[in-house]
Amino acid sequence: MSKLSDYAILLIGFSFLFLLINKIAFGSSLILGIGILILLNLKIILKQSKKILSKISRHEILIYALFLFTFLISAFLSIKPYRSIPVILYLNLFVILSFCIFLILLENKKKANFLFNILSISFALSALLVFIYNVSNYEFHELSKFKGFVNLMTIFTVLNCFLIKSKFNYITIFLLIPNIIMSGSSASILGILVGIFLCLIFFCLKKLQVLYRLKYFIFTISVCFSIILSFLLYKNLPTKFDQNSITNFEFKIPTNLIDHHRQFVWGFSIQKFILKPLFGYGQDSSNFIDGSQEDIGSKYTGDMNFIPSHPHNFLIEILLETGIFGTISFILLIYIINARVWKLHQSLKFKLHLIFLNSCFWGSSLVNFSFWLGWWQASYFLLLSLIASKAFINKIEK
């Protein structure tokens with residue numbers, strides 16, 4: 001049984017290496033590995049889940065119920081229910097499976113460290129392969145193939161410094177910047193900047209010992225700043241999409257910050273959101289909205305559509321597809337999950353890594369691919385469960 005458990009961990013760890021091949025290889029390896037581990041550790045999962053679930057408060061249960069309720073309404077009112085319902089199912093599946101991994105690792109430090117080591121090796125090999133590919137194809141300018149994977153690699157490179165000390169970590173760290181530059185991954189750069197900025201703010205406030213006393217004030221200022229920034233962004237995006245308006249539109253937002261195409265995509269998406277603000281058009285359905293597949297018709301965008309496949313901004317995407325109610329309930333769900341993880345350990349190192357994981361993931365998602373991509377969602381919840389299990393193990397050891 002121990003051998004089988006090790007093989008399952010190998011499948012989970014090397015699934016990220018398989019992601020370089022394709023998403024099916026990644027998903028098959030990850031789900032198979034997690035499935036085997038769950039079957040081998042059912043007693044542990046049941047025992048630990050009873051302890052943890054008994055501590056869940058009523059408001060947390062209410063938030064999860066609200067999330068399910070609003071998302072199901074969006075799915076049933078969706079313009080494409082056959083697309084919306086499956087993505088809700090696998091979003092919840094990722095949450096449950098990651099929770100199970102967390103419970104399993106709590107009981108076995110040796111297995112946890114083995115998984116952390118395998119992940120370190122897996123990402124080191126991945127970083128090396130991406131680097132070799134980028135260097136060998138540099139003169140042909142075919143470097144965007146692994147752009148999405150580099151986003152994930154960026155998060156893991158920092159996070160792995162908390163999970164385990166390994167010589168393989170240096171390979172990933174050393175190759176990270178060259179891979180970002182050669183892959184042209186602007187989302188990774190944004191994620192790093194947001195991560196560093198928020199970690200720096202938290203670190204300064206913590207050292208000044210004003211974080212607890214001013215937490216509500218800081219929260220209020222942050223919300224107000226976000227609202228003002230969002231309003232300014234909205235006011236400067238395109239709002240009319242007839243050919244004359246598109247041709248004569250003057251870009252007030254610098255196009256080296258937000259490219260021409262994204263400005264039209266975001267402007268179009270927001271105008272469509274205004275038409276169905278409560279529950280949206282349904283999850284994973286934005287590119288089926290009326291008019292979304294028409295050519296923009298601008299000299300700056302070529303033959304690109306108003307929504308090529310998704311809005312390229314997770315917040316706009318969730319607003320457009322689940323409405324105000326779905327978006328609020330989703331944000332609350334992510335908050336209560338992270339609030340639980342936050343309480344697992346009080347070390348500054350842990351909290352900074354948790355902040356970086358979230359700020360880099362959600363920051364890069366502001367200009368990134370669709371949130372509904374299974375491998376992107378699965379990676380977030382799995383990495384969250386790993387950092388949580390490591391924090392819990394460290395707490396027990398102390």
Side-chain angles (χ1 to χ4, degrees), residues 16 98 101-102 105-106 109 112-113 115-117 119-120 123-124 127 150-177 180 185 187-219 221-223 225-226 331 334-366 368 379-398:
F16 291 98
S98 298
I101 289 293
F102 167 69
L105 296 182
L106 295 186
K109 180 187 173 184
N113 286 331
L115 176 57
F116 300 152
N117 267 307
L119 283 167
S120 181
F123 271 93
V150 171
N151 292 337
L152 178 59
M153 187 185 296
T154 302
I155 300 171
F156 184 82
T157 300
V158 176
L159 193 63
N160 202 34
C161 295
F162 175 75
L163 296 178
I164 198 161
K165 294 179 180 179
S166 170
K167 292 179 180 179
F168 289 99
N169 293 358
Y170 294 110
I171 298 174
T172 317
I173 293 169
F174 180 74
L175 295 177
L176 179 63
I177 300 302
I180 289 175
S185 182
S188 298
I189 296 172
L190 178 61
I192 291 173
L193 292 176
V194 174
I196 291 173
F197 177 69
L198 293 180
C199 284
L200 188 61
I201 288 177
F202 176 79
F203 179 80
C204 293
L205 292 174
K206 187 77 174 176
K207 288 299 180 181
L208 293 172
Q209 297 182 336
V210 297
L211 188 64
Y212 180 77
R213 286 176 291 169
L214 298 178
K215 62 181 180 180
Y216 294 114
F217 174 75
I218 295 169
F219 175 75
I221 292 295
S222 300
V223 170
F225 178 76
S226 299
I331 292 172
I334 298 299
Y335 170 77
I336 63 169
I337 291 173
N338 278 278
R340 275 285 167 185
V341 176
W342 182 268
K343 296 174 183 177
L344 290 175
H345 203 283
Q346 295 305 310
S347 75
L348 181 62
K349 184 179 178 181
F350 161 66
K351 292 190 182 299
L352 287 173
H353 278 85
L354 181 60
I355 290 170
F356 187 86
L357 165 61
N358 280 282
S359 53
C360 190
F361 181 87
W362 299 112
S364 63
S365 294
L366 289 173
N368 216 346
S379 298
Y380 172 74
F381 289 110
L382 178 61
L383 292 177
L384 191 60
S385 71
L386 295 179
I387 192 174
S389 58
K390 179 64 176 179
F392 193 88
I393 290 168
N394 288 351
K395 184 179 180 179
I396 293 174
E397 288 177 346
K398 287 188 177 182

Rounded to the nearest 0.5 Å, what's the gap from [atom1] on [X] to [atom2] on [Y]? Could you check?
{"X": "Ser364", "Y": "Ile155", "atom1": "OG", "atom2": "CD1", "result": "5.0 Å"}
{"X": "Ser389", "Y": "Leu115", "atom1": "OG", "atom2": "CG", "result": "8.0 Å"}
{"X": "Cys199", "Y": "Ile192", "atom1": "SG", "atom2": "CD1", "result": "12.0 Å"}
{"X": "Ile196", "Y": "Leu193", "atom1": "CD1", "atom2": "CG", "result": "6.0 Å"}
{"X": "Leu344", "Y": "Leu354", "atom1": "CG", "atom2": "CG", "result": "9.0 Å"}
{"X": "Ser379", "Y": "Leu384", "atom1": "OG", "atom2": "CG", "result": "12.0 Å"}

Least distance between heavy atoms, [X] atom then [Y] atom:
{"X": "Lys390", "Y": "Asn113", "value": "NZ-OD1, 4.1 Å"}
{"X": "Ile393", "Y": "Ala112", "value": "CD1-CB, 3.7 Å"}
{"X": "Thr172", "Y": "Ser120", "value": "OG1-O, 4.5 Å"}
{"X": "His345", "Y": "Ala391", "value": "CD2-O, 3.3 Å"}
{"X": "Gly195", "Y": "Ser359", "value": "CA-OG, 3.1 Å"}
{"X": "Val341", "Y": "Phe350", "value": "O-CZ, 3.3 Å"}

Hey, does [Y] have a side-chain heavy atom less than 4.5 Å from the side chain of [X]?
{"X": "Leu105", "Y": "Leu386", "answer": "yes"}
{"X": "Ile173", "Y": "Cys161", "answer": "yes"}
{"X": "Val158", "Y": "Leu357", "answer": "no"}
{"X": "Asn358", "Y": "Tyr335", "answer": "no"}
{"X": "Leu106", "Y": "Phe102", "answer": "yes"}
{"X": "Phe197", "Y": "Leu200", "answer": "no"}

Answer yes or no: is there a donor N or O on one side and an acceptor on the other, between the side chain of [X] and the main chain of [Y], under 3.5 Å?
{"X": "Ser365", "Y": "Phe361", "value": "yes"}
{"X": "Asn160", "Y": "Phe156", "value": "no"}
{"X": "Asn169", "Y": "Ile164", "value": "yes"}

Exercise. More than 12 heavy atoms of other residues, nucleotides or ligands under 6.0 Å from CZ of Phe162: is that the case?
Worked result: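 Yes, the 6.0 Å shell around CZ holds more than 12 heavy atoms from other groups.
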
Exercise. When the ring planes of Phe123 and Phe16 are compared, do they come out parallel, tilted or perpendicular, using 30° and 60° as the limits?
Worked result: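 Phe123 and Phe16: tilted rings.
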
For this session: Could you check whether the rings of Trp342 and Phe202 sit parallel, tilted or perpendicular, using 30° and 60° as the cut-offs?
Result: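 Answer is perpendicular, since the angle exceeds 60°.
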
Exercise. Looking at Thr154, Val150, Leu190, which hits side-chain contact (heavy atoms from CB on, under 4.5 Å) with Ser185?
Worked result: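 When side-chain contact (heavy atoms from CB on, under 4.5 Å) is applied between Ser185 and each of Thr154, Val150, Leu190, only Val150 qualifies.
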
Problem set entry | Of all pairs that satisfy salt bridge (charged side-chain N to carboxylate O under 4.0 Å, His left out), the ones with a partner from residues 343-354, not counting sequence neighbours |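 Of all non-adjacent pairs touching residues 343-354, none passes salt bridge (charged side-chain N to carboxylate O under 4.0 Å, His left out).
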
